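Quick caveat, the model's predicted, so the values are computed rather than measured. Lettering of chains follows the sequences in order, A, B, ..., and the numbering in each one begins at 1.
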Protein chains: 2
Amino acid sequence: MSAGTDHPGVPIRPTMKDVAAAAGVGLKTVSRVVNGEAGVSEETARRVRAVIDQLGFRRNDGARLLRQGARTGSVGLLLEDVADPFYSQLSRAVEEVVRAHGALLLTGSSAEDSERERALALGFCARRVDGLVVVPTSADHGYLAPEAAAGTALVCVDRPMPGLDVDTVLADNRAGAAIGTAHLLRQGHRRIGYLGDAPDIFTAAERLAGYRQAMADAGHPVDESWIAMGRPDPLEVRFVLARLLGGPEPVTALMCGNNRTTVAVLRELAGRQERPALVGFDDFELADLLAVPVTVVAQDPALMGRTAAELLFRRLHGEPAPAQHILVRTRLIPRGSGEIPP
Amino acid sequence: MSAGTDHPGVPIRPTMKDVAAAAGVGLKTVSRVVNGEAGVSEETARRVRAVIDQLGFRRNDGARLLRQGARTGSVGLLLEDVADPFYSQLSRAVEEVVRAHGALLLTGSSAEDSERERALALGFCARRVDGLVVVPTSADHGYLAPEAAAGTALVCVDRPMPGLDVDTVLADNRAGAAIGTAHLLRQGHRRIGYLGDAPDIFTAAERLAGYRQAMADAGHPVDESWIAMGRPDPLEVRFVLARLLGGPEPVTALMCGNNRTTVAVLRELAGRQERPALVGFDDFELADLLAVPVTVVAQDPALMGRTAAELLFRRLHGEPAPAQHILVRTRLIPRGSGEIPP
DNA sequence: TTGAAAGCGCTAACAT
DNA sequence: ATGTTAGCGCTTTCAA
């Protein structure tokens, strides 16, 4: 072994040098065999391969990449939470594309914490990923400018990246929320509550804007007390619903800003008497099989992920300059809950 | 720049050498500043830092690791499909532990294809991950033996690894399925159908064995026609249910082997008249809010993921030899569907 | 067909 | 406090 004393508990990986020595050939010959290059007699190649198997040699791609100065064939994916069904579907789509390009995927969840996201992003860059697919937090991302300038491809998905103009794939948040709200208005609802995510989150703000716009377009005033923005927390949702559905002038319908909120609301409603109409932004599994099937404005997370990843590889393959901004359409799926009359 | 001609479309990353030259200091001084080592005057350090920011220098961890011969601080996670809620929860738990240890996570989905899993695993190993958390396919994994011998920590989760005895975290599959089946028997059911995943999948086989055992323990014979094993495919489920629920002696209850199958069955049942009792293996979101809430044998994917990842790091921190086999308990959650009488 | 030497970006060990 | 040299595991270049 190359590293002298081979402590039992501290195994050492054999290197090409070890293989070369054991096979009685030069280093370059081993390299040729490992990489399937021409110029090695079948006899020699066989001997080298035997030693490789016997020693359990596996090429160190880190060293290879260092020498070649080439791309690492790895891509980083940064999102809020892999366990959120929206992101896990997006994630799978990204992974599929990455795999099709023979690359490896590094994944990290920011948990909506920009410091954590930053640490992950820089960690990925220090590992020299070829590119990054990011669902950015709302903090400034200027720190990624040097990376982008150094050739790390950058694509945002689901949200834009504050402080940096890069390729971006977004859902049609505002229009989607407007369509969902308009749908409720069409059923005759006038007092429509809106439960959205924390307002500093781009999608939450956009969707709220869509709600306001639909109300305005229909000429119906919005009572600010109908609006509740915040992380989807069961207890919080309980308080909000008690407020919105109680009192002398309760709302008769609810628009929910994301699938986590919708599910939290459904769970809370199950324990209450009121059955307000409900439209959720973002589809979710079993929405169609609930006691009252849930009307949603569906996104297409797989399409968003695929689009973002393909954009990334197009950049890596040298597609030229201006940052693209792609909007992915949403669509209303009426299932029942959104058609409940006031 | 170190690489001479700086083509516009081909950006080159500055290296420590570049920083050193631009700052008019030696290479090692830059290294000291970058790594926060002592022995640099504040004056010099400031100048170096200024150049670093200006050039957008970022240390190449690949080179660093190569030189140090140290661990890479990265871990690979291989599972069947990140978009399956069971695995996405497991995945998040693994990621959490990995992050707590300051490491990075590479993720790959095998899609139940052992060739693909092998390619991913070896790719990870070529990148010199410190360890691998794997949900193994049913193929032989002897090819990982050299990696394990070379010091790559290996932990299996959800399924054991054929051909290699390593640390393993499993759910209590057999007992869980037996408890679910016994629950149905207790309600008076005798003709109980079993819909499981492909029989070469460890968990599918174990759970089926649990079903058989419960039936045998109760002294009730199993008609082989009640058993249907295969990938959860909507069309397939449709045929199976038509067969099980039609005919002169239909089953009165169903035991489902995993959450994908359960959901597929629920979807199909929604379009049919019959309302057989139903127990699903593995819990899923909204199971409690369906028209008939679904009784399940719940696993704890987060606990399984956390346990596996912690085991991995304990190995990396030098915990000694024998492979551990940890069983994570399942528990029956009665919600309604499993309490429907025959 | 084969291999010796140089060097990728970095750090360890040793100067100064 | 700072710099020089060697070398991690590999590939590239060039010579034999």
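Using a 4.5 Å heavy-atom threshold, the side chains of B/Leu170 and B/Ile326 count as separate. B/Phe202 places a side-chain heavy atom less than 4.5 Å from the side chain of B/Pro160.
The CD1-C1' distance, from A/Ile12 to D/dC8, rounds to 12 Å in whole Å. In this structure, CE of A/Met16 is placed 19 Å from P of C/dC8, rounded to the nearest angstrom. In this structure, CZ of B/Arg127 is placed 14 Å from P of D/dC10, rounded to the nearest angstrom. Atoms CG (A/Asp61) and C1' (C/dC8) sit 15 Å apart, rounded to a whole Å. Atom NZ in B/Lys17 sits about 12 Å away from atom C1' in C/dA6, given to the nearest Å. Going from atom CG of A/Leu27 over to atom C1' of D/dG9 covers 8 Å, rounded to whole Å. Here the C1' atom of nucleotide C/dA13 and the CD atom of B/Glu37 are 12 Å apart, to the nearest Å. The separation between B/Leu65 atom CG and D/dC10 atom P is 14 Å, rounded to whole Å.
Using a 4.0 Å cut-off between charged side-chain N and carboxylate O, B/Arg46 and B/Glu42 make a salt bridge. A salt bridge between A/Glu96 and A/Arg99 is present, with a side-chain N of the basic residue lying under 4.0 Å from a carboxylate O of the acidic one. Taking 4.0 Å as the cut-off between side-chain N and carboxylate O, A/Arg58 and B/Glu147 count as a salt-bridged pair.
Between A/Gln68 and B/Gly24, the residue anchored closer to the 5' end of DNA chain D is B/Gly24, taking for each the nucleotide with the nearest heavy atom. In terms of position along DNA chain C, the nucleotide closest to B/Ala63 lies nearer the 5' end than the nucleotide closest to the other residue of the pair B/Ala63 and B/Lys28.
Residue-level contact check: A/Arg59 touches the backbone only, with heavy atoms under 4.0 Å from sugar-phosphate atoms and none from bases. Among the atoms of the strands shown, only primed sugar atoms or phosphate atoms (P, OP1, OP2) are found under 4.0 Å from some heavy atom of B/Asn35. Among the protein residues, B/Gly69 comes within range of no part of the nucleic acid, since none of its heavy atoms lies under 4.0 Å from any strand.
In this model, no side-chain donor or acceptor of A/Arg67 finds a partner on the base of C/dG9 within 3.5 Å. A/Arg13 contributes no side-chain N or O that forms a donor-acceptor pair with the base of D/dG9 under 3.5 Å. Interface remark: the A/Arg32 side chain does not form any donor-acceptor pair with the C/dT1 base, using a distance-only criterion of under 3.5 Å.
The side chain of B/Thr29 places an N or O atom within less than 4.0 Å of a non-bridging phosphate oxygen (OP1 or OP2) of D/dG3. Within the structure, every side-chain polar atom (N or O) of B/Thr44 is placed at least 4.0 Å from both OP1 and OP2 of D/dA1. Note on A/Asn60: every side-chain N or O is 4.0 Å or more away from OP1 and OP2 of D/dC8. Applying the 4.0 Å criterion to OP1 and OP2 of C/dC10, one finds that B/Ser31 has every side-chain N and O outside that range.
When distances are taken from the side chain of B/Ser41 to each of C/dG9, D/dA1, D/dC10, the shortest belongs to D/dA1.
With no hydrogens or angles considered, no side-chain donor-acceptor pair links B/Asn60 and A/Arg127 at under 3.5 Å.
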